Amino acid sequence: MSVEVGARVAVVLKGWPRLSETFIAQEIAGLEARGVPLEIWSLRRPTDKAHHPVHDRVAARTIYLPEYLKDDPRRVFAGWRRARRLPGYALARQKFLADLRRDPTANRVRRWGQALVLAAELPASIDRLYAHFLHTPASVTRYAATMRGLPWSVSAHAKDIWTSDPWEVRDKLGDCAWLVTCTGVGLQQLKSLAPHPAKDSGRLNLVYHGLDFAHLPPPPPVRPRRDGTDAADPVIILSIGRKVEKKGYGDLLQALAKLPRDLQWRFEHVGAGGLAEALKAEAASLGIAGRCTWHGAQPQKAVFAALARADLFVLASKRAADGDQDGLPNVLMEAAHQGLPLISTHAAAIGEFIEDGVNGLLVAPGAPDELAAAMARLVGDPDLRARLAARAAETVRTRFSFDSGVDWIAAALGGQSLGQQRSQTARAAE
């Protein structure tokens with residue numbers, strides 16, 4: 001296996017590349033642009049058939065750990081033989097066994113096996129590890145970093161915050177060098193679990209993902225003024241997201257079925273997920289299947305084409321039965337950047353971006369009647385759609401550029417801000 005010369009940061013991911021995690025790819029490309037020498041260690045191989053252009057901008061090599069230990073027992077055994085000689089092996093094993101007593105699962109053992117391989121195979125140039133997601137990737141990172149005696153950091157998102165056991169979050173917060181998370185509500189949850197609140201508050205930071213405007217297509221210059229009265233030219237209602245419970249697509253379908261019969265609309269969805277067949281069946285039972293188009297997972301070009309032809313973007317987020325919930329979905333910001341009016345819910349951190357009646361409409365989570373009323377209001381009022389869309393686009397431009405957040409992470413990982421990079425390049429050219 002070849003070694004990338006100079007890589008200093010090992011970025012540990014659940015999978016790479018993934019269509020649904022453009023925010024991670026955007027960040028990694030941004031870190032490379034800021035001079036952070038990194039490599040990617042992925043716990044899983046890709047399952048998506050396509051990828052986004054941002055993935056092509058990432059130059060780092062990618063190493064895939066054994067997803068299941070039985071798939072590559074020789075590599076796992078070789079990793080253990082090398083890892084057990086590392087100075088921090090005994091302490092890492094102690095942490096693993098303590099976790100295993102509280103979580104005696106095959107998944108916990110798999111995390112340990114992946115950590116053995118990661119610790120054994122990391123190049124000598126690596127001086128820190130950085131994980132995305134506080135659950136499985138952070139566990140593997142924590143064990144491997146302990147074995148190697150290296151600092152590690154983590155970016156926490158949504159499901160990993162809300163569905164992880166408090167004891168495990170607390171232990172990881174006590175071990176990591178620093179943590180960033182992408183919503184204020186998530187940050188408050190993590191601060192409530194910090195083992196030493198006064199000391200830990202400075203290590204836990206809010207960094208919104210934001211958008212990399214330089215690499216997004218421009219919004220359409222003009223949008224049609226459809227008002228739901230023309231059956232030959234219906235209003236297009238779009239939603240983008242995984243077909244999982246927390247996205248509220250069952251509620252959205254019920255709301256669509258409640259729209260006035262004389263309102264002309266068509267619904268499009270982009271995204272994969274385990275509820276695909278159930279949602280199609282529900283649309284059929286509600287009598288709206290003929291108005292619904294399910295595109296499945298799509299590359300970025302197709303995603304932005306869908307945003308360009310739509311009139312209205314809807315995301316009916318809610319808290320799932322297992323406690324999982326959204327953070328602040330990047331797709332809302334992408335839709336706003338493209339000039340679409342937004343309807344969503346008061347769930348999770350969505351209110352950190354959308355202010356009801358100012359730059360979008362918000363309804364209660366799990367309330368199809370309220371959602372139907374909000375959609376009917378915007379479908380029939382293109383002027384209101386335009387006003388809300390303009391304000392949402394301004395909010396994105398002024399508050400949710402990704403540059404400041406990636407500058408912070410780059411500095412914490414030993415890189416430079418983009419401004420410093422440009423100044424250095426200008427001086428070198430003089």
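These values consider heavy atoms only, across backbone and side chains, with no hydrogens, waters or symmetry-generated copies. All of these numbers come straight from a predicted model, not from anything done at the bench. Numbering starts at 1 and runs along the sequence shown.
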Practice task
Decide side chain to side chain contact (heavy atoms under 4.5 Å, CB included) for Leu206 and Val180; before the verdict, give the C-alpha distance in whole Å, the side-chain angles of both, and the deciding distance to 0.1 Å.
Solution key: CA-CA 6 Å; Leu206 173 62; Val180 294; over 6 Å; no
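- Test His55, His52, His51 against Trp16 for ring-ring contact (aromatic ring centres under 6.0 Å, His included) and you get one pass: His55.
- Considering every non-hydrogen atom in both Val270 and Gly296, the closest pair reads CG1-O, 3.6 Å.
- Between the side chain of Gln189 and the backbone N or O of Trp162, no donor-acceptor pair lies under 3.5 Å.
- Across every non-hydrogen atom of Arg61 and Glu39, the tightest pair is NE-OE1, 2.9 Å.
- From Thr181, atom OG1 reaches atom CD1 of Ile161 across 3.5 Å, with rounding to the nearest 0.5 Å.
- With hydrogens and angles disregarded, no donor-acceptor distance shorter than 3.5 Å links the side chain of Arg110 to the backbone of Pro66.
- Each side chain to side chain donor-acceptor pair (under 3.5 Å) pair with one or both residues in residues 341-350, not counting sequence neighbours, would appear here, but there are none.
- Side chains of Leu134 and Leu179 form a contact here, defined as non-hydrogen atoms less than 4.5 Å apart.
- Relative to the ring axis of Trp265, Arg291 places its NZ or CZ within 45° and under 6.0 Å from the centre.
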Practice task
Might you work through the side chain to side chain contact (heavy atoms under 4.5 Å, CB included) test for Leu413 and Leu38, ending with a clear yes or no?
Solution key: CA-CA 10 Å; Leu413 293 174; Leu38 57 87; over 6 Å; no
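- Between Tyr130 and Trp178, the ring centre distance stays below 6.0 Å.
- Residues Leu378 and Leu388 form a side-chain contact, since some pair of their non-hydrogen atoms from C-beta on lies under 4.5 Å apart.
- Between Arg34 and Asp403, some side-chain heavy-atom pair lies under the 4.5 Å cut-off.
- Between Asp48 and Arg18, none of the side-chain N atoms (NZ, or NE/NH1/NH2) sits under 4.0 Å from a carboxylate O, so this pair counts as no salt bridge.
- Taking 4.0 Å as the cut-off between side-chain N and carboxylate O, Arg223 and Asp311 do not count as a salt-bridged pair.
- Taking 4.5 Å as the limit, some side-chain heavy atom of Asp383 sits within range of a side-chain heavy atom of Arg225.
- Taking each heavy atom of Ala364 and Glu370 in turn, the nearest pair found is N-OE1, 3.1 Å.
- Ionic pairing of Asp212 and Arg57 is present here: one or more N-O contacts between side-chain nitrogen and carboxylate oxygen are shorter than 4.0 angstrom.
- Val244 has its side chain out of reach of Lys159: every pair of non-hydrogen atoms, C-beta onward, lies at least 4.5 Å apart.
- Under the side-chain contact (heavy atoms from CB on, under 4.5 Å) criterion, Lys243 pairs with His269, Leu275, Ala276, Leu279, Trp294, not counting sequence neighbours.
- With salt bridges taken as basic N to acidic carboxylate O contacts below 4.0 Å, none links Lys95 and Asp171.
- For Gln26 (side chain) and Gly210 (main-chain N/O), a donor-acceptor pair under 3.5 Å exists by modelled atom type.
- Panel note: side chain Thr163, backbone Gly323; no donor-acceptor pair is recorded below 3.5 Å.
- In this structure, Ser164 OG and Asp103 CG are separated by 10.5 Å, a value rounded to the nearest 0.5 Å.
- Counting only residues at least two apart or on different chains, the ring pair (Phe, Tyr, Trp, His ring centres under 6.0 Å) pairs with a member in residues 362-405 are Tyr208-Phe400, Phe353-Phe400.
- Pairing each heavy atom of Ala177 with each of Pro151, the nearest pair is CB-CB, 4.4 Å.
- The closest donor-acceptor contact from the side chain of Glu32 to the backbone of Ala59 lies under 3.5 Å.
- Remark: aromatic rings of Phe213 and His215 are distant, center separation not under 6.0 Å.
- Judged purely by atom type and a 3.5 angstrom limit, Glu352 has no side-chain atom pairing as donor or acceptor with the backbone of Leu328.
- Salt bridge Arg102/Asp165: absent, no basic N to carboxylate O contact under 4.0 Å.
- At distances below 3.5 Å, not a single donor-acceptor pair connects side-chain atoms of Arg128 with backbone N or O atoms of Arg8.
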Problem - Criterion side chain to side chain donor-acceptor pair (under 3.5 Å) on Glu21 and His132, from CA distance to verdict - result: CA-CA 10 Å; Glu21 294 175 357; His132 266 278; over 6 Å; no
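- Contact detail for Leu122 and Ala10: the closest heavy-atom pair is CD2-CB, 3.7 Å.
- With Gln298 contributing its side chain and Ala50 its backbone, the two residues share no donor-acceptor pair below 3.5 Å.
- Contact check on Arg391 versus Glu355 returns no salt bridge, with no Lys/Arg side-chain nitrogen under 4.0 Å from an Asp/Glu carboxylate oxygen.
- Contact annotation: the side chain of Gln300 never approaches that of Val54 to less than 4.5 Å [non-hydrogen atoms, C-beta and beyond].
- A distance of 5.0 Å separates CD1 of Ile288 from CG of Leu253, quoted to the nearest 0.5 Å.
- Between the CG atom in Asn107 and the OG1 atom in Thr136 there is a gap of 4.5 Å [rounded to 0.5 Å].
- The pair Lys246-Asp322 fails the salt-bridge criterion, with no side-chain N (NZ, NE, NH1 or NH2) lying under 4.0 Å from an Asp/Glu carboxylate O.
- Here the straight-line distance linking atom CG of Leu312 with atom CG of Leu340 works out to 7.5 Å at 0.5 Å rounding.
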Practice task
Please step through side chain to side chain contact (heavy atoms under 4.5 Å, CB included) for the pair Leu371 and Val314, ending with a clear verdict.
Solution key: CA-CA 9 Å; Leu371 188 57; Val314 182; 4.0 Å; yes
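- You'll find the side chain of Val235 stays beyond 4.5 Å of the side chain of Asp227, heavy atoms only.
- Using modelled atom types, no side-chain atom of Asp326 and backbone atom of Ala348 make a donor-acceptor pair closer than 3.5 Å.
- Note on Lys172 versus Asp160: no salt bridge recorded, every NZ/NE/NH1/NH2 to OD/OE distance being 4.0 Å or above.
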Handout entry: side chain to side chain contact (heavy atoms under 4.5 Å, CB included) evaluation trace for Leu69 with Trp112
Key = CA-CA 10 Å; Leu69 307 187; Trp112 174 247; over 6 Å; no
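- Cation-pi geometry between Lys247 and Tyr249 is not met: the NZ or CZ atom fails to fall both under 6.0 Å from the ring centre and inside 45° of the normal.
- Judged by distance alone, with hydrogens and angles left aside, the side-chain atoms of Asn205 form a donor-acceptor pair with the main-chain N or O of Arg203 at under 3.5 Å.
- In this structure, Arg377 places its CZ atom where only 12 or fewer heavy-atom neighbours from other residues, nucleotides or ligands lie under 6.0 Å away.
- Contact record, Gly327 with Thr183: C-CG2, 3.6 Å, taken as the closest heavy-atom pair.
- At least one side-chain heavy atom of His157 sits less than 4.5 Å from a side-chain heavy atom of His209.
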